[in-house]
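In what follows, chains carry the letters A, B, and so on, assigned in the order in which the sequence lines appear, proteins first and then strands, with residues in each chain numbered from 1.
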Amino acid sequence: MSQTNIGDDEVDIVIGALHADLTSFLNEWRPLFSRFHLIIVKDPDLREELKIPEGFNLHVYTKSDIDRVVGSSYTAINFSGYSCRYFGYLMSRKKYIFSVDDDCIPAKDDKGLSVDAVDQHITNLATPATPFFFNTLYDPFRKGTDFVRGYPFSLRSGVTCALSCGLWLNLADHDAPTQALKPGHRNSRYVDAVLTVPARALMPVSGVNIAFNRELAGPALFPGLRLAAEGKLRWETVEDIWCGLCVKVVCDHLGLGVKTGLPYVWRNDRGNAIESLKKEWEGVKLMEEVVPFFQSVRLSQAAVTTEDCMLEIVALVKERLATLDPVFARAAQAMADWIKLWKAVGSGSGSSRPSNG
Amino acid sequence: MAGTPATPLLKDELDIVIPTIRNLDFLEMWRPFFQQYHLIIVQDGDPSKTIRVPDGFDYELYNRNDINRILGPKASCISFKDSACRCFGYLVSKKKYIYTIDDDCFVAKDPSGKDINALEQHIKNLLAPSTPFFFNTLYDPYRDGADFVRGYPFSLREGVPTAVSHGLWLNIPDYDAPTQLVKPRERNTRYVDAVMTIPKGTLFPMCGMNLGFNRELIGPAMYFGLMGDGQPIGRYDDMWAGWCTKIICDHMGLGIKTGLPYIWHSKASNPFVNLKKEYKGIYWQEELIPFFQSVILPKECTTVQKCYIELSKQVRAKLGKVDEYFIKLADAMVTWIEAWDELNPSGASAEVRNGPAK
């Protein structure tokens with residue numbers, strides 16, 4: 001498998017606007033964003049008009065668009081807050097999507113050079129992933145490195161990368177208890193690596209800085225696990241963690257890859273972890289059930305597309321988690337609704353399981 | 001923020017094992033970091049040659065005659081004319097931790113230009129827990145300046161004991177012969193400032209050039225196989241040990257870390273010589289990997305030795321068909337455990353308190 005060439009016209013940049021004034025955010029990203037098409041989705045809870053600077057090729061979706069497209073048939077899906085971006089994923093017609101929170105700006109690397117996060121994500125998605133055996137020099141397709149001695153040759157062509165998870169300098173994506181315990185803690189370590197998360201290894205995917213192959217991962221990225229007191233700070237959500245676990249389980253089953261590491265973005269200081277502790281506690285408790293559940297999910301041979309896999313996961317959520325907490329029953333319903341919605345509105349028919357090799 | 005406590009030296013609890021066939025000049029560069037530790041030198045090749053150890057080091061040295069004398073007939077499990085002989089050093093050590101390094105590995109510099117104390121980093125890695133059950137996207141959460149990310153279950157944050165610390169190399173990368181032939185000039189110049197736990201269920205290629213481990217936890221699994229003189233294969237010693245060790249660590253609920261520290265690997269071995277040694281391995285590993293990926297160790301295997309003996313049975317049964325070398329290797333694996341138990345009679349490998357992990 002050789003490197004895929006990804007053109008600018010195959011990428012959508014989807015931004016969930018939780019803040020009305022996107023002027024400084026978009027101006028910071030302008031050098032990296034200006035050649036791409038942008039989709040801005042306004043948080044339906046936001047009252048003020050969006051302020052967007054000139055010079056971008058973009059489309060804005062607001063509450064009225066969401067209401068029009070989704071209507072009243074999919075009542076379990078709630079696009080408010082961080083989940084508004086999923087509407088953008090639904091409406092996009094591009095093959096690849098990059099999404100970043102609106103409180104992040106481009107970072108500088110350890111040599112002081114500006115990081116082109118979009119370019120790095122595209123490279124991650126365009127080069128194969130290697131989930132079946134761990135390469136100790138990390139991503140073997142990066143310039144200046146390769147597979148190490150002892151890496152089986154039959155595994156060196158790799159598989160398609162469906163999801164690229166980036167990281168954050170300054171305010172890292174910790175939960176509220178962790179950040180509250182160390183209020184001054186900031187991430188200043190630039191780790192110059194991209195690596196494939198091995199098959200069957202699960203991880204917490206942060207929605208703050210991600211990119212994905214829309215056709216392969218789209219049906220698995222949706223507003224599912226909504227906390228009762230979900231708020232407008234990442235500390236007060238776990239919806240992206242839930243999606244990430246779905247995506248990883250699906251990728252493992254379909255023989256697709258997930259990468260993590262570069263690129264970094266700079267995440268601005270925002271919010272008060274101690275105040276968020278009360279709301280976030282529910283999310284922390286739920287993880288204790290969520291993680292073992294996903295670790296135990298086994299999908300059938302009949303599931304050959306992402307949608308197929310998601311429907312099986314829905315059934316398992318209903319069977320094993322729904323009775324533990326109503327939040328899971330709602331998540332299952334949201335997942336089922338999302339797959340219907342994706343089929344009805346989202347373009348592309350999802351992936352078939354690629355041939356092994 | 002509280003000050004970081006200094007890393008303990010562990011100078012009476014750690015042996016440095018060095019296989020050599022040439023000389024130990026490289027130790028001069030390591031003196032500031034190694035001098036306080038006891039060295040076990042395993043001299044490969046012609047035992048009548050004298051290997052000079054630089055002054056001021058506390059060491060014991062074993063050549064082939066010593067190995068034969070100490071092990072008697074069991075010496076057959078220790079390779080000759082291959083750095084795999086280093087595992088003899090693990091056998092005779094009486095310490096809790098081992099650090100092993102090749103004699104063409106030197107002190108590297110970090111991006112700030114400072115000399116890297118590789119041993120200190122390995123000790124840090126071994127003393128801090130591992131997290132094999134869920135991948136932390138900010139890598140080792142116990143490192144200074146890092147932590148668990150949002151979504152990481154609190155019940156998994158205690159981690160498990162770390163059995164192995166696998167370090168990396170700047171300059172000459174550890175490539176196989178075909179890759180070396182295609183990219184003779186490639187050098188590893190990328191300093192990746194991370195340590196991470198290799199997830200449970202994932203195999204990796206373990207390189208023995210810069211390796212630390214907890215001998216009490218995993219020592220008996222660190223057999224480096226039959227390589228070199230009289231054997232059909234070479235340069236797969238550490239690979240073999242790594243696959244066995246990872247399977248057993250996964251079964252016993254122990255962790256393996258990889259990443260920092262870096263050493264500077266100075267010598268590129270001859271790729272044509274390497275190709276001859278590795279040739280069979282390149283084909284065999286296509287059978288070996290599915291074998292290791294499908295190994296199931298029964299619950300009754302509650303010690304590393306029991307796991308290893310069970311593994312040797314499965315090697316004999318399933319890999320014996322690939323080549324009769326694996327029957328010899330299975331025999332050697334049993335001999336190794338016999339030798340281990342003989343030289344370490346107090347049952348140095350502890351049973352895991354609650355039995356093996358699921």
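Between the side chain of A/Gln295 and the backbone N or O of B/Phe133, at least one donor-acceptor pair lies under 3.5 Å. A donor-acceptor pair under 3.5 Å is formed between the side chain of B/Tyr175 and the backbone N or O of A/Asp146. Between the side chain of A/Arg149 and the backbone N or O of B/Pro205 there is no donor-acceptor pair closer than 3.5 Å. Between the side chain of B/Glu286 and the backbone N or O of A/Pro152, no donor-acceptor pair lies under 3.5 Å. Judged by distance alone, the side chain of B/Lys183 and the main-chain N or O of A/Thr145 form a donor-acceptor pair under 3.5 Å. Judged purely by atom type and a 3.5 angstrom limit, B/Gln293 uses its side chain to pair as donor or acceptor with the backbone of A/Phe132.
The choice from A/Leu286, A/Asp173, A/Val148 that makes the most heavy-atom pairs within less than 4.5 Å of chain B is A/Asp173. Taking B/Ile198, B/Leu168, B/Asn188 one by one and counting their heavy-atom pairs under 4.5 Å with chain A, the maximum is reached by B/Leu168. When each of A/Asp192, A/Val290, A/Leu245 is scored by its heavy-atom pairs under 4.5 Å with chain B, the top score falls to A/Asp192. Of the listed residues (B/Asn136, B/Thr189, B/Leu138), the one with the most heavy-atom contacts under 4.5 Å to chain A is B/Leu138. Interface remark: of the candidates A/Ala199, A/Cys165, A/Ala201, A/Pro198, A/Pro198 forms the most heavy-atom pairs closer than 4.5 Å to chain B.
With a 4.5 Å cut-off on non-hydrogen atoms, B/Asp238 touches chain A through its side chain but not through its backbone. Proximity to chain B is limited to the backbone of A/Phe147, based on heavy atoms less than 4.5 angstrom apart. With a 4.5 angstrom heavy-atom cutoff, B/Ala177 does not touch chain A via any of its atoms. Heavy atoms of A/Gln179 lying under 4.5 Å from chain B are absent altogether. Residue contact with chain A, scored on non-hydrogen atoms closer than 4.5 Å, involves the side chain of B/Thr179 exclusively. For B/Phe148, the part lying under 4.5 angstrom from a heavy atom of chain A is the backbone only. The contact between B/Pro178 and chain A is made entirely by side chain atoms (from C-beta outward), counting heavy-atom distances below 4.5 Å. Only the side chain of A/Val291 has a heavy atom closer than 4.5 Å to any heavy atom of chain B. Of the two parts of A/Asp240, only the side chain, counted from C-beta on, holds a non-hydrogen atom closer than 4.5 Å to a non-hydrogen atom of chain B. At a 4.5 Å heavy-atom cutoff, the contact between A/Leu195 and chain B is made by side-chain atoms alone. Of the two parts of A/Leu167, only the side chain, counted from C-beta on, holds a non-hydrogen atom closer than 4.5 Å to a non-hydrogen atom of chain B. With a threshold of 4.5 angstrom between heavy atoms, A/Trp242 does not approach chain B through any atom at all. Both the backbone and the side chain of B/Arg235 come within contact range of chain A, with heavy atoms under 4.5 Å apart. Only the side chain of A/Ala172 comes within contact range of chain B, with at least one heavy atom under 4.5 Å from a heavy atom of that chain. Only the side chain of B/Glu278 comes within less than 4.5 Å of a heavy atom in chain A; its backbone stays farther off.
Rounded to the nearest 0.5 Å, atoms OG1 (A/Thr136) and CG (B/Asp174) are 7.5 Å apart. Atom CG of B/Leu203 is separated from atom CZ of A/Phe133 by 5.5 Å, given to the nearest 0.5 angstrom. With values rounded to the nearest 0.5 angstrom, A/Phe153 atom CZ is found 10.0 Å from B/Tyr283 atom OH. Taking OH from A/Tyr138 and CZ from B/Arg190, the interatomic distance works out to 11.0 Å, rounded to the nearest 0.5 Å.
The existence of a salt bridge linking A/Asp175 and B/Arg157 is confirmed by a sub-4.0 Å separation between a basic side-chain nitrogen and an acidic carboxylate oxygen.
Other residues, nucleotides and ligands contribute over 12 non-hydrogen atoms within 6.0 Å of the CZ atom of B/Phe291. Residue A/Leu113 qualifies as enclosed at atom CG: its count of foreign heavy atoms under 6.0 Å is above 12.
In terms of heavy atoms, B/Tyr139 sits closest to A/Gly261 at OH-CA, 3.5 Å.
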* Asked: Do A/Lys248 and B/Phe135 pass the side chain to side chain contact (heavy atoms under 4.5 Å, CB included) test, and can you show the C-alpha distance, the side-chain angles, and the key distance before you say yes or no?
  -> CA-CA 12 Å; A/Lys248 186 59 166 61; B/Phe135 187 86; over 6 Å; no
* To do: Let me see the working for A/Val191 and B/Val192 under side chain to side chain contact (heavy atoms under 4.5 Å, CB included), right down to the final yes or no.
  => CA-CA 6 Å; A/Val191 178; B/Val192 177; 3.5 Å; yes
* To do: Kindly determine whether B/Asp140 and A/Arg189 satisfy salt bridge (Lys or Arg N to Asp or Glu O under 4.0 Å), including the steps that lead there.
  => CA-CA 12 Å; B/Asp140 188 340; A/Arg189 181 175 290 134; over 6 Å; no
* To do: Take A/Val284 and B/Tyr152 through the test side chain to side chain contact (heavy atoms under 4.5 Å, CB included) and record every step on the way to the result.
  => CA-CA 8 Å; A/Val284 165; B/Tyr152 204 104; over 6 Å; no
